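Quantities reported herein were computed from a predicted structural model and do not represent experimental measurements.
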Amino acid sequence: MDASQAVQYLESLIGQTFRVHATDTRIFVGVFKCTDSARNIILANTHEYRYPTTAAVRKAASNAAPEGLDETTPNLKVNMTSRFIGLVVVPGQHITRIELEETPQQSRVRESVHAS
């Protein structure tokens, strides 16, 4: 892919919803606005998600099985915490993965375009 194709591809992603994973395990979900040569990404209308802390997992485990955990204890479900942060710059050096979030309708449209 040459430089002009790369720019065109990035421009086609503007306005799409991205899920950006960071080195500290946070996940940012927001609307892609732009990027730069340092691979920083700007997202709008962003929610930040964090995995539960060890203390929260221990508390959920103790509430589920007060006498202790063993092989018969059911799987625990502990929700990720989230907060709305709006506009955010995710530094390129801290990005581990980027995913494009598509609704089922967007996926069908994309598949029909590639099929024709």
Side-chain angles (χ1 to χ4, degrees):
M1 179 181 292
D2 66 16
S4 65
Q5 288 173 319
V7 168
Q8 187 177 17
Y9 177 70
L10 281 173
E11 287 175 347
S12 75
L13 296 174
I14 293 173
Q16 298 292 318
T17 301
F18 276 14
R19 185 181 308 125
V20 179
H21 298 255
T23 54
D24 63 359
T25 72
R26 288 183 294 171
I27 301 170
F28 299 95
V29 179
V31 178
F32 176 60
K33 291 299 181 183
C34 68
T35 187
D36 61 14
S37 61
R39 292 178 285 197
N40 301 314
I41 290 182
I42 296 180
L43 300 174
N45 300 323
T46 307
H47 285 83
E48 173 195 61
Y49 295 89
R50 293 177 181 253
Y51 286 99
T53 63
T54 304
V57 172
R58 282 190 187 125
K59 181 178 178 182
S62 67
N63 289 341
E67 56 281 340
L69 295 174
D70 60 21
E71 304 83 41
T72 62
T73 303
N75 291 334
L76 293 174
K77 291 187 181 182
V78 182
N79 293 330
M80 294 179 78
T81 59
S82 69
R83 66 182 179 144
F84 179 76
I85 55 176
L87 192 65
V88 66
V89 176
V90 184
Q93 66 192 33
H94 295 294
I95 296 172
T96 59
R97 186 168 74 201
I98 301 169
E99 299 171 301
L100 177 62
E101 280 202 348
E102 288 185 317
T103 65
Q105 180 183 3
Q106 290 169 325
S107 182
R108 282 191 298 273
V109 168
R110 184 178 47 79
E111 289 171 4
S112 68
V113 168
H114 289 293
S116 54

Selection residues 15-35 - residue pairs positive for salt bridge (Lys or Arg N to Asp or Glu O under 4.0 Å), sequence neighbours left out: Arg19-Glu99, Arg19-Glu101, Asp24-Arg26, Arg26-Glu48

Would you give the length of the straight line joining atom CG of Leu43 to atom OG1 of Thr35, rounded to the nearest 0.5 angstrom? 9.5 Å

Tell me every residue that passes side-chain hydrogen bond (donor to acceptor under 3.5 Å, both in side chains) with Ser4, counting only those two or more places apart in sequence or in another chain. Asp2

Which pair of non-hydrogen atoms, one from Pro52 and one from Val78, has the smallest distance, and what is that distance? CB-CG1, 3.5 Å

Transitively linked via ILVMFWY side-chain contacts under 4.5 Å: Met80 with Phe28? no

Do any side-chain atoms of residues 86-96 form donor-acceptor pairs under 3.5 angstrom with protein atoms, and if so which ones, sequence neighbours left out?
{"residue": "His94", "atom": "ND1", "partner": "Thr23", "partner atom": "OG1", "Å": "3.3"}
{"residue": "Thr96", "atom": "OG1", "partner": "His21", "partner atom": "O", "Å": "3.2"}

Applying ring pair (Phe, Tyr, Trp, His ring centres under 6.0 Å), which residue pairs with at least one partner in residues 44-63 are found, sequence neighbours left out? His47-Phe84

Do you reckon Ile85 sits in the same ILVMFWY cluster as Val20, going by side-chain contacts under 4.5 Å, direct or chained? yes

Please say yes or no: joined through hydrophobic side-chain contacts below 4.5 Å, possibly via intermediate residues, are Ile14 and Val7 part of one cluster? no

Under 4.5 Å between side-chain heavy atoms, hopping through other hydrophobics if needed: is there a path connecting Ile42 to Leu13? no

Set of residues satisfying side-chain hydrogen bond (donor to acceptor under 3.5 Å, both in side chains) with respect to Asn40, sequence neighbours excluded: Asp36

So, using ring-ring contact (aromatic ring centres under 6.0 Å, His included) as the criterion, who are the partners of Phe32 when residues are at least two apart? Phe18

